[in-house]
Visitor: 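Below you'll find the structure I mean.
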Amino acid sequence: MKILVLGGTVFLGRHIVQAALDRGHEVTMFNRGLTNPSLFPQVEKLRGDRGEDLGALHGRRWDAVVDPSGFVPRVVGASAEALRDAVGHYTLISSISVYAEPLARGADESAPLQKIEDETNEEVKSHYGALKALCERAAEGVMPGRVLNVRAGLIVGPHDPTGRFTYWPRRIAEGGEVLAPGDPARPVQFIDGRDLAAWIVRM
């Protein structure tokens with residue numbers, strides 16, 4: 001397959017590119033070329049800022065696009081619109097954070113989603129889950145029936161820039177008493193970015 005990756009240079013995105021290459025797919029990356037620009041020298045790279053200029057995508061065709069860098073509905077909608085007739089399938093990396101709290105144990109994809117009163121608000125740090133839910137809606141509105149929304153929980157593994165998981169094994173390895181947050185009985189689930197990427201490419 002010919003796969004377009006919007007981004008592809010940070011954490012999950014780079015694992016997706018690697019997983020696609022490992023399965024023999026032809027990959028094109030579209031990004032600004034600012035982060036890790038020397039990654040994947042064998043891959044075609046198109047340059048542009050998806051928030052302002054999608055011109056490099058015009059006149060091209062791919063079997064599918066994977067979007068690990070969509071956080072704002074306006075930008076995701078514009079990307080989907082630009083690719084409406086250029087791809088058969090759109091995979092959006094969403095988040096388990098789209099679900100409204102509290103999320104009941106055993107909840108499935110039909111659980112209520114986060115909402116934001118002002119849907120033009122683009123403050124991702126303050127409204128991450130609600131904006132991801134709107135990103136899903138934006139993509140599906142342009143490509144009905146052709147969108148896969150990946151609502152993963154806590155993603156861990158190599159190249160994780162957050163330190164949310166890596167802090168703990170490093171701190172515990174130091175020894176001594178460790179102050180741990182939360183309820184010890186609360187179920188917590190992680191997924192390795194490499195496993196998630198391989199699944200995404202198969203989907």
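From a predicted model like this one, the values you see are computed outputs, not experimental measurements.
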Visitor: Any side-chain heavy-atom pair from E136 and L92 closer than 4.5 angstrom?
Guide: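 Counting from C-beta outward, E136 and L92 do come under 4.5 Å.
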Visitor: If we ignore hydrogens and angles and just use 3.5 Å, is the side chain of R74 paired with the main-chain N or O of E122 as donor and acceptor?
Guide: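 The answer is no, because no donor-acceptor pair under 3.5 Å joins these two groups.
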Visitor: Could E44 and K2 be called an ion pair, given the rule that one side-chain N must be under 4.0 Å from one carboxylate O?
Guide: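 No, E44 and K2 are not salt-bridged.
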Visitor: With a distance cut-off below 6.0 Å to the six-membered ring centre and an angular limit of 45° from the axis, does K45 pair with F40 as a cation-pi contact?
Guide: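 No.
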Visitor: Could you check whether any side-chain heavy atom of L4 comes within less than 4.5 Å of a side-chain heavy atom of L83, counting everything from C-beta outward?
Guide: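 Answer yes - side chains close enough.
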Visitor: Linking I/L/V/M/F/W/Y whenever any side-chain heavy atoms sit under 4.5 Å apart, do F11 and V43 land together?
Guide: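 Yes; V43 is reachable from F11 via cluster members.
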Visitor: Just verifying a value: how many Å separate D160 CG and F190 CZ, rounded to the nearest 0.5 Å?
Guide: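 Rounded to the nearest 0.5 Å, the CG-CZ separation comes to 10.5 Å.
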Visitor: Nearest 0.5 Å please: distance from the NE2 atom of H159 over to the OG1 atom of T162.
Guide: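 Reported to 0.5 Å precision, the distance equals 13.5 Å.
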Visitor: Might you point out which heavy atoms bring W62 and I3 nearest each other, and give the distance in Å?
Guide: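 Shortest heavy-atom contact: CD1-C, 4.0 Å.
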Visitor: Output, in order, the C-alpha distance, side-chain angles, deciding distance and verdict of side-chain contact (heavy atoms from CB on, under 4.5 Å) for D63 and H89.
Guide: CA-CA 7 Å; D63 297 300; H89 177 79; over 6 Å; no
Visitor: Taking a hydrophobic cluster as the set of Ile, Leu, Val, Met, Phe, Trp and Tyr residues connected by side-chain heavy atoms closer than 4.5 Å, whether directly or through intermediates, do M203 and M1 fall within one such cluster?
Guide: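 Looking at the clustering, M1 is in the same group as M203.
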Visitor: For E177, does the CD atom sit with more than 12 other heavy atoms under 6.0 Å from it, leaving out its own atoms?
Guide: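 Atom CD in E177 is not packed in, count stays at 12 or less.
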Visitor: Indicate if W168 and I155 have the same hydrophobic cluster label, given that clusters are the connected sets of ILVMFWY residues with side-chain heavy-atom separations under 4.5 angstrom.
Guide: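 The answer is no; the residues belong to distinct hydrophobic clusters.
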Visitor: Apply side-chain contact (heavy atoms from CB on, under 4.5 Å) to I116 and list each qualifying residue two or more places apart in sequence or on a separate chain.
Guide: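 side-chain contact (heavy atoms from CB on, under 4.5 Å) check on I116 returns E119, N121, H127, A130, L134.
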Visitor: Which heavy-atom pair separates F30 from D53 by the least distance, and what is that distance?
Guide: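 The pair with the smallest heavy-atom distance is CZ-O, 3.5 Å.
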Visitor: Just distance, no hydrogens or angles: give the donor-acceptor pairs under 3.5 Å from side chains in residues 96-105, sequence neighbours left out.
Guide:
| from | atom 1 | to | atom 2 | distance (Å) |
| --- | --- | --- | --- | --- |
| S97 | OG | S95 | OG | 3.2 |
| Y99 | OH | R151 | NH1 | 2.9 |

Visitor: Are the side chain of S94 and the backbone of N149 linked by a donor-acceptor contact shorter than 3.5 Å?
Guide: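 No, S94 side chain to N149 backbone: no donor-acceptor pair under 3.5 Å.
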Visitor: Would you give the length of the straight line joining atom CG of L148 to atom CD of E140, rounded to the nearest 0.5 angstrom?
Guide: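 Here the rounded value is 10.5 Å.
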Visitor: Go through it in stages, so that I can follow the logic: the residues are T91 and V65, the test is side-chain contact (heavy atoms from CB on, under 4.5 Å), and I'd like the CA-CA distance, side-chain angles, deciding distance and then a yes or no.
Guide: CA-CA 6 Å; T91 294; V65 58; over 6 Å; no
Visitor: Report the C-alpha distance between V27 and Q42 in whole Å, list the side-chain angles of each, state the deciding distance to 0.1 Å, and finish with yes or no for side-chain contact (heavy atoms from CB on, under 4.5 Å).
Guide: CA-CA 9 Å; V27 178; Q42 74 277 38; over 6 Å; no
Visitor: Is there a donor-acceptor contact under 3.5 Å from the side chain of R146 to the main chain of R84?
Guide: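 The answer is yes, because a donor-acceptor pair under 3.5 Å joins these two groups.
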Visitor: Indicate the atoms forming the closest heavy-atom contact of G77 with V142, along with that distance.
Guide: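 Minimum heavy-atom separation between G77 and V142: O-CG2, 4.0 Å.
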Visitor: For side-chain contact (heavy atoms from CB on, under 4.5 Å), just list the numbers for Q114 and L131, CA-CA rounded to whole Å, side-chain angles, deciding distance to a tenth of an Å, and then say yes or no.
Guide: CA-CA 8 Å; Q114 296 266 13; L131 289 177; over 6 Å; no
Visitor: Given side chains that start at C-beta, do those of L46 and M29 come closer than 4.5 Å, heavy atoms only?
Guide: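 Not touching, per the 4.5 Å side-chain cut-off.
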Visitor: Let me check something: do V66 and I191 share a hydrophobic cluster, defined by ILVMFWY side-chain heavy atoms less than 4.5 Å apart, either directly or through other members?
Guide: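 Linked within one cluster.
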Visitor: Search all heavy atoms of A139 against all heavy atoms of V76 and return the closest pair with its distance.
Guide: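 That would be CB-CG1, 4.0 Å.
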Visitor: Taking atom CG of L6 and atom CG of N31, what is their separation to the nearest 0.5 Å?
Guide: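 Going from CG on L6 over to CG on N31, the span is 9.0 Å.
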Visitor: Taking D67 for the side chain and G70 for the main chain, is one N or O donor matched with an acceptor at less than 3.5 Å?
Guide: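 Side chain of D67 to backbone of G70, a donor-acceptor pair under 3.5 Å: yes, one is there.
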Visitor: Can you list everything that forms a ring pair (Phe, Tyr, Trp, His ring centres under 6.0 Å) with Y128? Sequence neighbours excluded, please.
Guide: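 Expected list: none.
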Visitor: Look up atom OG1 in T9 and atom CZ in R32, then write down how far apart they are to the nearest 0.5 Å.
Guide: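 Going from the OG1 atom of T9 to the CZ atom of R32 covers 8.5 Å.
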Visitor: Taking all non-hydrogen atoms of both residues, which atom of S110 and which atom of D108 are closest, and how far apart?
Guide: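 Closest approach of S110 to D108: OG-OD1, 2.5 Å.
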Visitor: Say you draw a straight line from CZ of R23 to CD of Q18; how long is it, rounded to the nearest 0.5 Å?
Guide: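 Taking CZ in R23 and CD in Q18, the distance rounds to 13.5 Å.
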Visitor: Would you name the heavy atoms of H25 and L21 that are closest together and state the gap between them?
Guide: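 Closest approach of H25 to L21, heavy atoms only: O-CD2, 4.0 Å.
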Visitor: Consider only side-chain heavy atoms of I, L, V, M, F, W and Y, link residues closer than 4.5 Å, and tell whether L196 and I93 are in one cluster.
Guide: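 Yes, because L196 and I93 connect within a single hydrophobic cluster, where side-chain heavy atoms sit under 4.5 Å apart.
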Visitor: Regarding S79 and R50, is there a side-chain donor-to-acceptor distance under 3.5 Å anywhere?
Guide: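 The answer is yes; a qualifying pair exists.
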Visitor: Do H15 side-chain atoms and P158 backbone N/O form a donor-acceptor pair below 3.5 Å?
Guide: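 Yes, because the side chain of H15 sits within donor-acceptor range (under 3.5 Å) of the backbone of P158.
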